[in-house]
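Below: the structure, in structure tokens.
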Number of protein chains: 2
Amino acid sequence: MYTIGQVSEMFGLPVSTLRYYDKEGLFPSMRRQSGIRQFGEAEMEALRVIECLKASGLEIKEIKKFMAWCVEGPSTFAQRKALFETRKAAVEAEMRRLQKTLDMLKFKCWYYETAIRDGSEDRLKERIPDDLPAEIKKLYDNTHA
Amino acid sequence: MYTIGQVSEMFGLPVSTLRYYDKEGLFPSMRRQSGIRQFGEAEMEALRVIECLKASGLEIKEIKKFMAWCVEGPSTFAQRKALFETRKAAVEAEMRRLQKTLDMLKFKCWYYETAIRDGSEDRLKERIPDDLPAEIKKLYDNTHA
DNA sequence: GCTTGACCTGAAGTCAGGTTCAGGTGTTAT
DNA sequence: ATAACACCTGAACCTGACTTCAGGTCAAGC
């Protein structure tokens, strides 16, 4: 069993954040010893899952639901699995979005490299330059479709 | 030249958002016709860049700086390029983070699939199961390091 | 001439996810 | 016994990115 301060250290999260999570119901089965929170293995695992679900873009409210399901037992396995499947799809979509963003950024990097070499944007502004490298053209097409 | 309503349609952004962007200085060279905003080609391009930089996680304040550089002319090419390089690195980092999240989510999907088949978590909770598939083991190792 | 609709403004409100604050308790070290 | 800590609480505050609101202008159609 750990105190809030120890857990704060271990996870690199401010104490205030851990208390906030608790207030929001993210540790539904946490024990108290005369008022003081006792973080057990269940809470540590909860925190690992919280980090994962947060990283996947899930809201605190939804994470709370998940934690409640964990307390409810095996009858909620299917819901829990569905949640992770949904998150998986969301993260995959986000990665595709980021890939397009990345292509655009790469294009812009090339653009300013070229502008610096030319000393002006004029040639670039007018039209796609004749000497646009094939790889850059691909980035351009991906993002300016 | 387009009105704010037309641009709203074209970009799928609420009129209120466009006005907010303007207030935040994201269209430093926008013209007005007796009070009414006139969106020209510069503003359309600004919006495309805004979408890209926002998608890369940049704050509005920073986007405003970039737009000011664009007005300043060729002397700021290097800063603009540096900004895009920094964003590129940030997005790449974010994608690596998401990849780890995704591995964790895949592991959790497998976990609950197995729990549903077993009808209980008991076997899973104890230890890494003997029959943990190699592919899943990799996901597990990636995320539980 | 009056309503409708698209535009304008500044100020206030909203939401998530925390953080900070003021005041209180309980255990340990001097 | 008193100070120093780590813990506790509820309430207020903060930030970013918008949205909503109240009130006003102006051109076009009936």
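Just so we're on the same page: letters track the sequence lines, and every chain starts at 1.
- Residue A:Arg32 has a polar side-chain atom (N or O) positioned under 4.0 Å from OP1 or OP2 of D:dT9.
- One interatomic measurement links the two molecules: CD of B:Glu59 to C1' of D:dC18, which rounds to 14 Å at whole-angstrom precision.
- Side-chain contact annotation: B:Asp118 with B:Ser120, donor-acceptor N/O pair under 3.5 Å absent.
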**Q.** Residues B:Arg96, B:Glu92; criterion salt bridge (charged side-chain N to carboxylate O under 4.0 Å, His left out); working and verdict
**A.** CA-CA 6 Å; B:Arg96 284 192 297 276; B:Glu92 281 164 353; 5.1 Å; no
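- Residue A:Phe84 is grouped with residue B:Leu98 when hydrophobic side chains (ILVMFWY) are merged at heavy-atom distances under 4.5 angstrom, including chains of intermediate members.
- Rounded to whole Å, the distance from CD on A:Glu24 to P on C:dG17 is 9 Å.
- Electrostatic pairing of B:Arg48 and B:Glu51 does not count as a salt bridge here, judged by no charged N lying under 4.0 Å from a carboxylate O.
- What separates OH of A:Tyr2 from P of D:dC7 is a distance of 15 Å, to the nearest Å.
- For B:Phe27 and B:Phe39, the ring centers sit closer than 6.0 Å to each other.
- In this structure, B:Gln33 atom CD and D:dT25 atom C1' are separated by 14 Å, rounded to whole Å.
- Across all strands, B:Thr3 comes closer than 4.0 Å only to sugar-phosphate atoms, never to a base (heavy-atom distances).
- Note: CG (B:Asp22) to C1' (C:dC7) measures 13 Å, nearest angstrom.
- Atom CZ of B:Arg31 sits in a sparse spot, with 12 or fewer heavy atoms from other residues, nucleotides or ligands closer than 6.0 Å.
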Only distances under 3.5 Å count here; give the side-chain donor-acceptor pairs of residues 5-17 of chain B to other protein atoms, sequence neighbours excluded, each with its distance to 0.1 Å.
{"unit_1": "B:Gln6", "atom_1": "OE1", "unit_2": "B:Thr3", "atom_2": "N", "d": "2.8"}
{"unit_1": "B:Ser8", "atom_1": "OG", "unit_2": "B:Leu13", "atom_2": "O", "d": "2.7"}

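- If you measure from atom CG of A:Leu26 to atom C1' of C:dG17, you get 12 Å, rounded to the nearest angstrom.
- In this entry the distance linking CD of B:Gln6 with P of C:dG5 reads 18 Å, nearest Å.
- In summary, the side chains of A:Tyr111 and A:Glu121 do present a donor paired with an acceptor at a separation below 3.5 Å, with no hydrogens or angles considered.
- The existence of a salt bridge linking A:Lys81 and A:Glu85 is confirmed by a sub-4.0 Å separation between a basic side-chain nitrogen and an acidic carboxylate oxygen.
- DNA chain D is contacted by A:Ile36, A:Arg37 of residues 36-46 of chain A, taking any non-hydrogen atom closer than 4.0 Å.
- One atom, CZ of A:Arg31, and another, P of D:dC7, lie 20 Å apart when rounded to the nearest Å.
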Q. What one-letter contact string describes nucleotides 18-25 of chain C from 5' to 3', where B marks a base within less than 4.0 Å of any protein heavy atom, S marks contact via sugar-phosphate atoms alone, and - marks no contact?
A. BBB-----
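- Between C:dC8 and B:Arg19, a contact under 4.0 Å exists linking OP1 or OP2 to a side-chain N or O.
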